[in-house]
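Notes to accompany the following structure.
Reckoned from all heavy atoms, side chains included, excluding hydrogens, waters and symmetry mates. Just so we're clear, the structure is a prediction, and the values are computed from it rather than from any experiment. Letters A, B, ... are given to chains in the order of the sequence lines, protein chains preceding strands, and every chain is numbered from 1.
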Amino acid sequence: MPELPEVEVTRRSFSARIAGATVLGASLGKPLRWPLGCQPASLEGRLVTDVERRGKYLLLHFDRGLLLLHLGMSGSLSFALELPAMGPHDHFDLHTDRGHLRLHDPRRFGAVVWAPDNDAPVLHKLLGHLGMEPLSQEFSLVRFAAGLKASRSIIKQVLLSGRLVVGVGNIYASEALFRAGIRPTTLAGRIGPVRVARLHAAIVAVLEQAVSLGGSTLRDFQSADGSAGHFQLSANVYGRAGAPCHTCSAPIKMLRQGQRSSFYCPVCQRP
DNA sequence: ATTCTCACCTGCGGGC
DNA sequence: TGCCCGCAGGTGAGAA
């Protein structure tokens with residue numbers, strides 16, 4: 001479910017409401033990708049200061065320490081004054097005096113991990129290799145172009161890896177490549193400067209549009225206040241195999257790269 | 001070093 | 001109706 005837009009929309013939907021809250025306790029469901037790394041009771045009394053996003057991770061900062069949250073493939077957060085009893089797919093509840101934050105994640109690829117301070121080894125392990133934030137000033141065309149030039153991988157993999165730029169997942173990689181007119185199988189280092197510039201702009205544009213539309217709701221994504229996203233309605237290629245291209249009417253093609261599918265227009269996107 | 005493949009887990013839709 | 005298969009928004013670990 002969650003790429004950068006969905007994670008950012010989730011963050012915005014509860015960060016202001018949870019900031020300033022005092023933790024009353026925490027409840028655990030089934031195991032997630034990694035152990036929490038602390039006793040749930042040790043969170044009691046901590047003060048939530050703010051919620052930050054880094055790539056597809058959310059950082060729930062306390063007056064001392066932070067929780068690293070990841071939504072995996074099927075995760076979503078809820079934040080409400082009252083929540084029903086934990087169901088079979090609810091795996092983490094953080095109870096505060098301003099409401100209850102819950103991670104719902106059927107596939108359990110998500111994670112909630114405690115970091116006692118900003119130098120905790122777990123932060124280096126999970127965040128240390130992450131690339132540029134595409135919606136920040138640091139995402140410069142010069143650095144992006146240099147990163148692509150130095151790569152010997154195909155462009156789709158470079159975008160998904162998060163080593164150069166973070167937050168771009170399977171939906172938005174396909175969409176950005178369509179807008180830039182680049183086929184997903186193109187070698188990153190072989191893309192000329194004009195199309196590199198187009199791709200750089202397309203990544204920013206598609207992510208910003210998706211955030212403004214509340215993200216993509218393919219199956220059951222919703223933000224922490226329960227609202228769904230609508231970007232999927234304006235997708236040009238993702239999930240549209242066989243359907244006519246919005247630009248040239250040629251049938252959209254799907255191909256498998258590794259374990260992931262890519263969608264592209266064989267006419268509008270050149271190798 | 002960099003790149004590639006796999007594994008993790010559950011649910012759903014399609015074909016038989 | 002029921003079963004089996006393939007597929008799904010991510011990413012660290014280990015192999016090559």
Side-chain angles (χ1 to χ4, degrees), chain A residues 1-11 29-35 37 53-58 68-77 87-92 103-113 121-131 146-177 184-185 187-190 206-207 210-211 213-223 228-235 237-242 254-263:
Chain A
M1 168 257 290
E3 302 181 33
L4 182 150
E6 291 74 35
V7 177
E8 177 62 18
V9 165
T10 296
R11 188 191 70 80
K30 293 178 188 169
L32 293 161
R33 179 158 190 185
W34 295 292
R53 181 188 56 73
R54 177 72 177 102
K56 299 169 189 168
Y57 286 91
L58 285 178
L68 214 54
L69 308 176
H70 198 288
L71 303 181
M73 288 277 266
S74 57
S76 60
L77 292 179
H89 300 311
D90 300 323
H91 309 301
F92 180 78
L103 175 65
H104 174 87
D105 184 6
R107 292 178 72 181
R108 289 192 285 130
F109 290 169
V112 182
V113 179
V122 67
L123 294 181
H124 285 96
K125 182 178 86 165
L126 300 181
L127 307 180
H129 53 81
L130 294 184
L148 293 185
K149 190 61 74 179
S151 169
R152 286 181 293 141
S153 303
I154 60 178
I155 185 60
K156 177 80 184 304
Q157 312 293 9
V158 173
L159 295 179
L160 290 186
S161 78
R163 261 61 176 179
L164 182 57
V165 56
V166 296
V168 180
N170 214 31
I171 298 177
Y172 302 110
S174 279
E175 294 300 316
L177 288 169
T185 48
L187 285 172
R190 296 274 252 273
V206 75
L207 293 177
V211 169
L213 290 175
S216 294
T217 297
L218 267 47
R219 290 162 190 75
D220 57 0
F221 168 72
Q222 56 180 51
S223 61
H230 303 288
F231 176 88
Q232 71 280 3
L233 300 175
S234 52
V237 288
Y238 185 84
R240 299 192 63 241
M254 178 176 91
L255 63 86
R256 302 288 300 178
Q257 296 177 300
Q259 313 263 320
R260 319 303 297 277
S261 56
S262 292
F263 299 86

Is there a donor N/O on one and an acceptor N/O on the other, under 3.5 Å, for the side chain of A/R108 and the base of B/dC9?
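Such a pair does not exist between side chain and base.
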Spacing of [X] atom [atom1] relative to [N] atom [atom2], expressed in whole Å:
{"X": "A/M73", "N": "C/dC7", "atom1": "CE", "atom2": "C1'", "value": "9 Å"}
{"X": "A/L159", "N": "C/dG9", "atom1": "CG", "atom2": "P", "value": "15 Å"}
{"X": "A/E175", "N": "C/dG9", "atom1": "CD", "atom2": "C1'", "value": "13 Å"}
{"X": "A/K156", "N": "C/dG9", "atom1": "NZ", "atom2": "P", "value": "8 Å"}
{"X": "A/Q257", "N": "B/dT3", "atom1": "CD", "atom2": "P", "value": "15 Å"}
{"X": "A/E3", "N": "C/dG10", "atom1": "CD", "atom2": "C1'", "value": "9 Å"}
{"X": "A/L32", "N": "C/dG10", "atom1": "CG", "atom2": "P", "value": "17 Å"}

For atom C1', what is the distance between C/dG10 and B/dG13, given to the nearest Å?
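Those two atoms are separated by 22 Å.
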Between B/dC6 and C/dG6, how far apart are the P atoms? Round to whole Å, please.
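Result for the P pair: 14 Å, nearest Å.
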Is any side-chain nitrogen or oxygen of A/S74 closer than 4.0 Å to OP1 or OP2 of C/dG9?
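No.
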Which sits closer to the 5' end of DNA chain B, A/S151 or A/Q259, going by the nucleotide each is nearest to?
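Its nearest nucleotide being more 5', the pick is A/S151.
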Using the rule given for side chain to side chain contact (heavy atoms under 4.5 Å, CB included), can you reason through A/N170 versus A/L160, listing the C-alpha separation, both sets of side-chain angles and the distance that settles it, and then say yes or no?
CA-CA 7 Å; A/N170 214 31; A/L160 290 186; 4.0 Å; yes
Does B/dC9 have a Watson-Crick or wobble partner in any strand here, with both distances under 3.5 angstrom, and which is it?
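Partner of B/dC9: none.
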Which of the following nucleotides, B/dT3, C/dA8, C/dG10, is nearest to the side chain of A/R107?
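Nearest listed nucleotide: C/dA8.
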Annotated protein contacts, base or backbone, on nucleotides 11-16 of chain C with a non-hydrogen cut-off under 4.0 Å, one of B, S, - each:
BBS---
Over all strands shown, is A/G258 touching base, sugar-phosphate only, or nothing at heavy-atom distances under 4.0 angstrom?
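The residue A/G258 makes no contact with any strand.
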